[in-house]
Amino acid sequence: MTTMTETSARFREFKMPDVGEGLTEAEILKWFVQPGDTVTDGQVVCEVETAKAAVELPIPFDGVVHELRFPEGTTVDVGQVIIAIDVAPGSGDAPAPAPAAAAPVQEPVEAAGSGDGDAPKGRTPVLVGYGVAESSTKRRPRKGASAAPEAAAVAAAVQAELNGHAAPATPAPSVPAQAGAQDGGRPLAKPPVRKLAKDLGIDLATVVPTGKDGIITREDVHAAAAPAVAPGAAPVPPAPAPVTAEAPAAAVPTSARETRIPVKGVRKAIAQAMVGSAFTAPHVTEFVTVDVTRTMKLVAELKEDKDMAGVRVNPLLIIAKALLVAIKRNPEVNAAWDEANQEIVQKHYVNLGIAAATPRGLIVPNIKDAHDKTLPQLAAALGELVTTARDGKTSPAAMAGGTVTITNVGVFGVDTGTPILNPGESAILAVGAIKLQPWVHKGKVKPRQVTTLALSFDHRLVDGELGSKVLADVAAILEQPKRLITWA
């Protein structure tokens with residue numbers, strides 16, 4: 001009892017937290033620590049990805065990492081223990097890591113029993129994070145003893161499949177168990193090797209392992225992905241004889257024809273949200289082309305203004321301010337549809353969403369209470385939002401509660417589009433590329449800076465008149481930026 005108490009007090013477990021708004025799971029993207037590393041309260045130990053964002057998790061106590069319960073790439077339910085910390089290192093021998101199904105084992109381990117009835121139970125070789133196979137409680141046979149017929153049969157069958165032959169009906173007891181698969185049939189490979197195989201489009205079940213204990217190595221995967229003909233060599237003509245079981249046809253690597261990308265995390269959430277939005281809210285999109293020459297001149301002047309020093313000034317800043325003024329003039333557009341109560345919920349604040357392209361997909365963080373910010377404050381908030389998003393550090397809270405969104409498709413050279421509403425919002429403004437075009441100005445055709453705006457809105461709560469007024473106001477401000485003062 002005393003030992004259990006001391007052990008319980010010595011080791012503390014850190015569980016996967018709910019990192020935002022009732023999410024039930026998260027994928028471990030990267031561990032920043034390994035067993036034996038010293039950690040301190042507040043130190044980031046791993047990065048996880050939820051359905052909304054990638055988040056870094058700090059450890060809430062000091063100590064030495066005793067065990068990582070899950071490998072990178074594993075999706076873990078909220079509340080599951082992900083790491084164990086020795087908070088009193090040096091006070092005695094640490095117990096073995098908990099034999100959880102997903103607990104990582106740093107090296108293949110076997111029992112050293114002699115085969116007697118009272119020999120200790122051992123483990124079959126396993127990889128980090130893949131647990132112990134069901135047969136792991138069987139005793140290790142005496143050195144020199146022949147393998148069981150069942151094990152030999154399985155090994156021979158798998159090896160024959162890898163070599164393209166049919167499995168022998170009666171395998172010899174001396175056939176070595178060389179296939180890189182666990183008892184359940186899953187090939188043995190470390191997480192980085194699995195990721196490499198996925199990136200190259202290689203099925204690990206088709207790879208012949210050369211590593212210790214039948215483990216597939218990086219070299220094995222590269223060998224499987226390599227073309228049959230060396231660069232510069234003449235291709236070998238096909239044999240005229242028909243293909244038989246003894247001469248199987250060469251398989252085309254999947255990477256040469258297609259690539260499959262698992263949809264999960266942020267990308268999965270985006271797909272589900274967009275489908276839900278497109279088929280729930282009746283979208284209407286209106287367009288307007290506008291001369292923004294004066295806006296571009298204002299941007300150039302603001303860049304030289306000392307009051308704007310230290311912040312990024314670009315056309316998006318003026319467009320954002322123009323939309324905020326348009327919402328102030330037409331507050332009914334800033335609303336949401338409550339399906340359960342069949343009500344329109346009017347918002348008296350604007351959390352302005354800015355669509356940002358990131359390596360993990362398109363996300364929409366928002367500037368809280370953007371309607372209350374001055375132009376320099378709005379510029380600073382925009383710069384911070386974009387930088388955080390590109391670094392992959394946007395938190396779930398930063399993406400929650402948006403009311404209206406801007407998506408700048410012009411950065412890709414696109415003229416305009418029909419954007420889909422961010423779920424729960426009433427409108428989204430798409431901004432096209434700003435280009436020098438011939439334009440009638442003061443009765444003459446002159447080259448002017450021109451762009452096209454597109455406003456999509458939820459027709460359940462925004463009718464055509466209201467949507468048109470909002471879009472027309474934004475266009476009018478961009479054409480005559482002085483309206484930012486007269487209409488504010």
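Values reported hereafter were calculated over all heavy atoms of this structure, with side chains retained and with hydrogens, waters and symmetry mates removed. Note that the structure is predicted; figures quoted are calculated from it, not measured.
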Fill in: Partners meeting side-chain contact (heavy atoms from CB on, under 4.5 Å) with Lys15 (sequence neighbours left out)
Val81
Worksheet item: Are Thr217 and Asp220 close enough, and set up right, to give a side-chain hydrogen bond (donor to acceptor under 3.5 Å, both in side chains), and what steps lead you there?
Response: CA-CA 5 Å; Thr217 65; Asp220 297 335; 3.1 Å; yes
Practice prompt. Verify, without hydrogens or angle tests, whether Ser426 (side chain) and Val333 (backbone) share a donor-acceptor contact under 3.5 angstrom.
Written response: yes
Discussion item. With rounding to the nearest 0.5 angstrom, report the CD1 to CD distance, Ile82 to Glu13.
Written reply: 11.0 Å
Item to complete: Assert yes or no for the condition that the ring centre distance of Tyr349 to His371 is strictly below 6.0 Å.
Response: no
Practice prompt. Could you tell me which residues satisfy side-chain contact (heavy atoms from CB on, under 4.5 Å) with Leu385, sequence neighbours excluded, listed by chain and number?
Written response: Ile354, Pro365, Ile367
Worksheet item: Where the side chain of Thr387 meets the backbone of Glu384, is there a donor-acceptor pair that is under 3.5 Å apart?
Response: no
Worksheet entry | Test side chain to side chain donor-acceptor pair (under 3.5 Å) applied to Asp338 - qualifying residues, sequence neighbours left out | Asn341
Item to complete: Tell me, with the steps shown, if Leu324 and Val350 meet side chain to side chain contact (heavy atoms under 4.5 Å, CB included).
Response: CA-CA 8 Å; Leu324 292 171; Val350 181; 3.6 Å; yes
Discussion item. Is it the case that the side chain of Glu425 and the backbone of Asn422 share a donor-acceptor pair, with hydrogens and angles ignored and the cut-off at 3.5 Å?
Written reply: no
Worksheet item: With sequence neighbours excluded, what pairs up with Lys368 under the side chain to side chain donor-acceptor pair (under 3.5 Å) test?
Response: Asn366
Worksheet item: Between OG1 of Thr210 and CD1 of Ile215, what distance do you get to the nearest 0.5 Å?
Response: 10.5 Å
Worksheet item: Just by distance, do the side chain of Asn334 and the backbone of Pro331 share a donor-acceptor pair under 3.5 Å?
Response: no
Discussion item. Which label fits Phe61 and Phe14: parallel for a plane angle under 30°, tilted from 30 to 60°, or perpendicular past 60°?
Written reply: perpendicular
Item to complete: Output every pair passing salt bridge (charged side-chain N to carboxylate O under 4.0 Å, His left out) with a member in residues 55-64, not counting sequence neighbours, ordered by first then second residue.
Response: Glu56-Lys393
Item to complete: Only counting residues at least two apart or in another chain, list the ones meeting side chain to side chain donor-acceptor pair (under 3.5 Å) with Asn351.
Response: none
Fill in: Salt-bridge present (Arg460, Glu339; N to O < 4.0 Å)
yes
Worksheet item: Does one side chain, of Asp203 or Thr206, offer a donor that lies under 3.5 Å from an acceptor on the other?
Response: no
